[in-house]
S.K.: 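Got a structure here, written out as structure tokens. Questions coming.
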Amino acid sequence: MVPSTILFVFGTRPEAIKLAPVIEELRRDAESFTVRVCVTGQHREMLAQALDLFGIIRDADLGLMQPDQELTGFAAAALTGVGRVIAATAPRVVIVQGDTTSALAGALAAFYAGVDVAHVEAGLRSGDRSAPWPEEVNRRMISVLARYHFAPTEEARAHLLREGATDVVVTGNPVIDMLLSTRTEGVAFPELDPARRLLLVTGHRRESFGEGLESVCLALRDLAESVPDLEIVYPVHLNPHVQEPVRRILAGVEHVHVIDPVDYVTFVALMHRSTLILSDSGGVQEEAPALGKAVLLLRDTTERPEALRAGNVRMIGTQRERIVAEAGALLRDPARLAEMAQVRFPFGDGHAARRIAEVLRDRLRGQ
Ligand code: UD1
Ligand code: UDP
């Protein structure tokens, strides 16, 4: 059998983390697949941090990131660039993940070239076109373009079937594969005080820029000042709209560590070490239940209601007083926190990549 060329197209940190196990799985079967990787470079340092850690070789790197880039210019450049890579690579299938602009550009370029699109993490829906923005609409458009839909959960599958998709398989999310294969023994944090409980924070969503993010930072300052045994670590996303308010408001606040993004192994070790997580990240909502951690979600909508129902995640928005009240209450009530912070697997069992490879082998053989 002649191996089928599979082209992965992505551009950001979370896509690299989630696709790495799939890339590795397909690479292992060279009889079936010839794997090619095209990165748009939507992210630069944060993408390199992940790719270097996982040893992913880029066959094409469009290097498109601009400081403070806007959506239209980036999307147009990515569409053109990926279109050229598809023309040169002639893949049977293009694989994209999730809902970024890179994923949308990859799917659209493939569709225009007459190449089948496989979508990993398909079928998530917040039901609100304005949040997360622009991701909710990006992923809906990708669903229209895709032929193969790899849904992380039954609920995601149900969304897709309702919208008319036909080839939908529940695989779990490969982020759980990645998480469960990540070894953190030996990662130490000498700068953290062992007598203090760790509150780990991430936040970068576009709909929170401005007032929302400032309010989160003010809440963190209040918590650092009012909870006596607390220490806060915030690895700050490199987006200037995030860096500026976080560093301005939290500079010099005692027991708050504002740091640059850390590599995946270090971040997983920080999650392990944490007592509570505050985040608006998609990936963190998926990882925390599998680690037995509790998350207060700094958003007003979520496309991952499975995490809310599991009990690990509680959605609280970005308002300062509410964050202080909710985090304070949980930190004062270890029994309630322990009830939330149990190990659960709403997003898969760590074998998503294997299932995705099986489906692709089957479909390509059948053609
Ligand atoms: C993007 C995705 C979002 C995803 C997030 C993950 C879109 C529309 N948004 O948002 O869905 O959740 O990535 O982190 O696709 N920057 C750097 N270095 C980096 C990365 C970013 O300097 O390594 C700065 C640049 O100034 C860049 C800006 O951040 O212009 C914004 O990056 P962009 O990818 O457009 O948006 P994100 O907010 O990261
Ligand atoms: N993460 C990381 N280093 C950090 C912060 C987060 O490796 O400093 C990981 C995290 O474990 C998760 C992913 O990055 O897997 C989330 O990425 P991000 O928050 O950028 O995007 P989102 O998940 O919101 O799309």
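In each ligand, atom 1 is the first atom listed, and ligand 1 is the first ligand listed.
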S.K.: N/O of N138 under 3.5 Å from N/O of ligand 1, yes or no?
M.R.: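 So ligand 1 has no N or O lying under 3.5 Å from an N or O of N138.
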S.K.: Below 3.5 Å, N or O to N or O, backbone or side chain included: is there any such pair between T202 and ligand 2?
M.R.: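 In fact, backbone or side chain, T202 has no N or O that close.
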S.K.: Show the atoms of ligand 1 that are less than 4.0 angstrom away from any heavy atom in T101.
M.R.: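 Those of ligand 1 that fall under 4.0 Å from T101 are 7 (C), 8 (C), 15 (O).
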S.K.: Which residue holds the protein heavy atom closest to atom 23 (O) of ligand 1, what is that atom called, and what is the gap in Å?
M.R.: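 That would be M46 N, 2.8 Å.
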S.K.: So which protein heavy atom does atom 31 (C) of ligand 1 come closest to, and at what separation?
M.R.: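 Going by distance alone, atom 31 (C) of ligand 1 is nearest to N239 ND2, 3.3 Å.
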S.K.: Nearest 0.5 Å, please: how far is CD1 in I232 from NE2 in H257?
M.R.: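 Taking NE2 in H257 and CD1 in I232, the distance rounds to 9.5 Å.
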S.K.: Mark up the atoms of ligand 1 that fall under 4.0 Å of a heavy atom belonging to R44, in ascending order.
M.R.: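 Under 4.0 Å from R44, ligand 1 has these atoms: 19 (C), 23 (O).
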S.K.: Under 6.0 Å from the CZ atom of R247, do we count more than 12 heavy atoms belonging to anything else shown?
M.R.: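 Atom CZ in R247 is crowded, with more than 12 foreign heavy atoms closer than 6.0 Å.
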S.K.: Considering heavy atoms of the protein only, find what lies nearest to atom 15 (O) of ligand 2 and give residue, atom and distance to 0.1 Å.
M.R.: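 For atom 15 (O) of ligand 2, the nearest protein heavy atom comes out as E287 OE2, 2.6 Å.
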S.K.: Working to the nearest 0.5 angstrom, can you tell me the gap between R36 CZ and L7 CG?
M.R.: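 Taking CZ in R36 and CG in L7, the distance rounds to 9.5 Å.
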S.K.: Give me the residue, atom name and distance of the protein heavy atom closest to atom 4 (C) of ligand 2.
M.R.: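 It is R13 NH1, 3.1 Å.
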S.K.: Which ligand 1 atoms, with their elements, are less than 4.0 angstrom from a heavy-atom of P134?
M.R.: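 Heavy-atom distances to P134 below 4.0 Å select 8 (C).
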S.K.: I'd like to know if the side chain of R139 and the backbone of L124 have a donor-acceptor N/O pair within less than 3.5 Å.
M.R.: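 Yes, R139 side chain to L124 backbone: donor-acceptor pair under 3.5 Å.
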S.K.: Would you say R205 touches ligand 2, if touching means a heavy atom closer than 4.0 Å?
M.R.: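 The answer is yes, since R205 has a heavy atom less than 4.0 Å from ligand 2.
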S.K.: How far is atom 3 (N) of ligand 2 from its nearest protein heavy atom, and which residue and atom is that?
M.R.: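 Closest protein heavy atom to atom 3 (N) of ligand 2: V262 O, 2.7 Å.
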S.K.: Geometry only, no angles: is P67 polar-contacting ligand 1 at N/O separations under 3.5 Å?
M.R.: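 No; every N/O pair is 3.5 Å or more apart.
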S.K.: So, does R206 sit close enough to ligand 1 that a heavy atom of it is under 4.0 Å from the ligand?
M.R.: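 Flag set, R206 near ligand 1.
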S.K.: I'd like to know if R205 contacts ligand 1, where contact means a heavy-atom distance under 4.0 Å to any ligand atom.
M.R.: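 Yes, R205 has heavy atoms under 4.0 Å from ligand 1.
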S.K.: In terms of residue, atom name and distance, what is the protein heavy atom nearest to atom 23 (O) of ligand 2?
M.R.: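 Of every protein heavy atom, G283 N, 2.8 Å lies nearest to atom 23 (O) of ligand 2.
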S.K.: At under 4.0 Å between heavy atoms, is it the side chain or the backbone of Q49 that contacts ligand 2, or both, or neither?
M.R.: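 Near ligand 2, Q49 shows nothing, with every heavy atom at 4.0 Å or more.
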S.K.: Please identify which atoms of ligand 1 are closer than 4.0 Å to at least one heavy atom of M65.
M.R.: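 Answer for ligand 1: 16 (N), 17 (C), 18 (N), 19 (C), 20 (C), 21 (C), 22 (O), 25 (C).
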S.K.: Tell me: protein heavy atom nearest atom 25 (O) of ligand 2, and distance?
M.R.: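 Protein heavy atom with the smallest distance to atom 25 (O) of ligand 2: P14 CG, 3.5 Å.
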S.K.: Could you tell me the residue and atom name of the protein heavy atom closest to atom 5 (C) of ligand 1, and the distance to it rounded to 0.1 Å?
M.R.: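 The closest one turns out to be H204 CE1, 3.7 Å.
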S.K.: Distance from L223 atom CG to R320 atom CZ, nearest 0.5 Å?
M.R.: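 Reported to 0.5 Å precision, the distance equals 10.0 Å.
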S.K.: Looking at H43 versus H237, is the centre-to-centre ring distance below 6.0 Å?
M.R.: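 For H43 and H237, the ring centres are under 6.0 Å apart.
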S.K.: CD of E358: more than 12 outside heavy atoms within 6.0 angstrom?
M.R.: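 Enclosed.
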S.K.: Any chance the side chains of S279 and T202 put a donor and an acceptor closer than 3.5 Å?
M.R.: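 Indeed, the side chains of S279 and T202 share at least one donor-acceptor pair under 3.5 Å.
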S.K.: Only one of E163, E303, E155 clears side-chain hydrogen bond (donor to acceptor under 3.5 Å, both in side chains) with R125; which?
M.R.: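 With R125 as partner, side-chain hydrogen bond (donor to acceptor under 3.5 Å, both in side chains) holds for just one option, E163.
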S.K.: Return the residue, atom name and 0.1 Å-rounded distance of the protein heavy atom closest to atom 19 (C) of ligand 1.
M.R.: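 Atom 19 (C) of ligand 1 sits closest to the protein heavy atom E45 OE1, 3.3 Å.
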S.K.: Record the part of F267 in heavy-atom contact with ligand 2 below 4.0 Å; permitted values are side chain, backbone, both and neither.
M.R.: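 For F267, only side-chain atoms sit under 4.0 Å from ligand 2.
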S.K.: Quick check: does any side chain N or O of R197 sit under 3.5 Å from a backbone N or O of T275, one acting as donor and the other as acceptor?
M.R.: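 Not a single qualifying donor-acceptor pair exists.
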S.K.: Does any N or O of ligand 1 fall below 3.5 Å from an N or O anywhere on T100, backbone included?
M.R.: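 No, T100 has no N/O under 3.5 Å of an N/O on ligand 1.
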S.K.: Under 3.5 Å, side chain of N312 to main-chain N/O of Q342, donor-acceptor pair present?
M.R.: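 Side chain of N312 to backbone of Q342: a pair is present.
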S.K.: Within ligand 1, which atoms have a heavy atom of P14 less than 4.0 Å away?
M.R.: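 Once the distances to P14 are compared, the set is 6 (C), 14 (O).
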S.K.: Any idea which protein heavy atom is nearest atom 13 (O) of ligand 1, and the distance to it?
M.R.: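 I find the closest protein heavy atom is H43 NE2, 3.2 Å.
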S.K.: What protein heavy atom lies closest to atom 7 (C) of ligand 1? Include the residue and the distance to one decimal.
M.R.: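 Checking every protein heavy atom, the shortest distance to atom 7 (C) of ligand 1 gives Q42 NE2, 3.4 Å.
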S.K.: Indicate yes or no: does an N/O atom of G282 lie under 3.5 Å from an N/O atom of ligand 2?
M.R.: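 Yes - when backbone and side-chain N and O of G282 are compared with those of ligand 2, one distance drops under 3.5 Å.
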S.K.: Can you check whether D280 has an N/O within less than 3.5 Å of an N/O in ligand 2?
M.R.: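 So ligand 2 has no N or O lying under 3.5 Å from an N or O of D280.
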S.K.: Which residue owns the protein heavy atom closest to atom 13 (C) of ligand 2, what's the atom, and how far is it?
M.R.: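 The closest one turns out to be I17 CD1, 3.8 Å.
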S.K.: Determine whether the side chain, the backbone, both or neither of S281 has a heavy atom under 4.0 Å from any heavy atom of ligand 2.
M.R.: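 Both parts.
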S.K.: If you count the atoms of ligand 1 from 1 in the order shown, which ones are under 4.0 Å from a heavy atom of Q66?
M.R.: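 In order of number, 25 (C), 26 (O), 27 (C), 30 (O).
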S.K.: Mind running side-chain hydrogen bond (donor to acceptor under 3.5 Å, both in side chains) on Q97 and E121 for me, showing each step along the way?
M.R.: CA-CA 6 Å; Q97 198 282 335; E121 194 185 281; 2.9 Å; yes
S.K.: Has ligand 1 got any nitrogen or oxygen that is less than 3.5 angstrom from a nitrogen or oxygen of R13?
M.R.: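 No, no N or O pair falls under 3.5 Å.
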S.K.: Could you list the atoms of ligand 1 found under 4.0 angstrom from a heavy atom of E135?
M.R.: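 Going through ligand 1 atom by atom, the ones under 4.0 Å from E135 are 2 (C), 3 (C), 7 (C), 9 (N), 11 (O).
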S.K.: Considering the heavy atoms of L71, write down every atom of ligand 1 situated less than 4.0 Å from one of them.
M.R.: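 Answer, ordered by atom number: 8 (C).
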S.K.: Which distance, rounded to the nearest 0.5 Å, do you find between the CG of L160 and the OG1 of T166?
M.R.: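 Rounded to the nearest 0.5 Å, the CG-OG1 separation comes out at 10.5 Å.
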S.K.: In terms of hydrophobic clusters joined by side-chain contacts under 4.5 Å, are L337 and L291 together?
M.R.: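 No, separate clusters.
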S.K.: Determine whether more than 12 heavy atoms belonging to other residues, nucleotides or ligands lie under 6.0 Å from atom CZ of F111.
M.R.: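 12 or below, so no.
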S.K.: Can you find an N or O of D68 that's nearer than 3.5 Å to an N or O of ligand 1?
M.R.: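 It does: an N or O of D68 is found under 3.5 Å from an N or O of ligand 1.
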S.K.: Below 3.5 angstrom, do we get any N/O pair linking Q69 and ligand 1?
M.R.: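 Between Q69 and ligand 1 (N or O atoms, distance only) the closest approach is under 3.5 Å.
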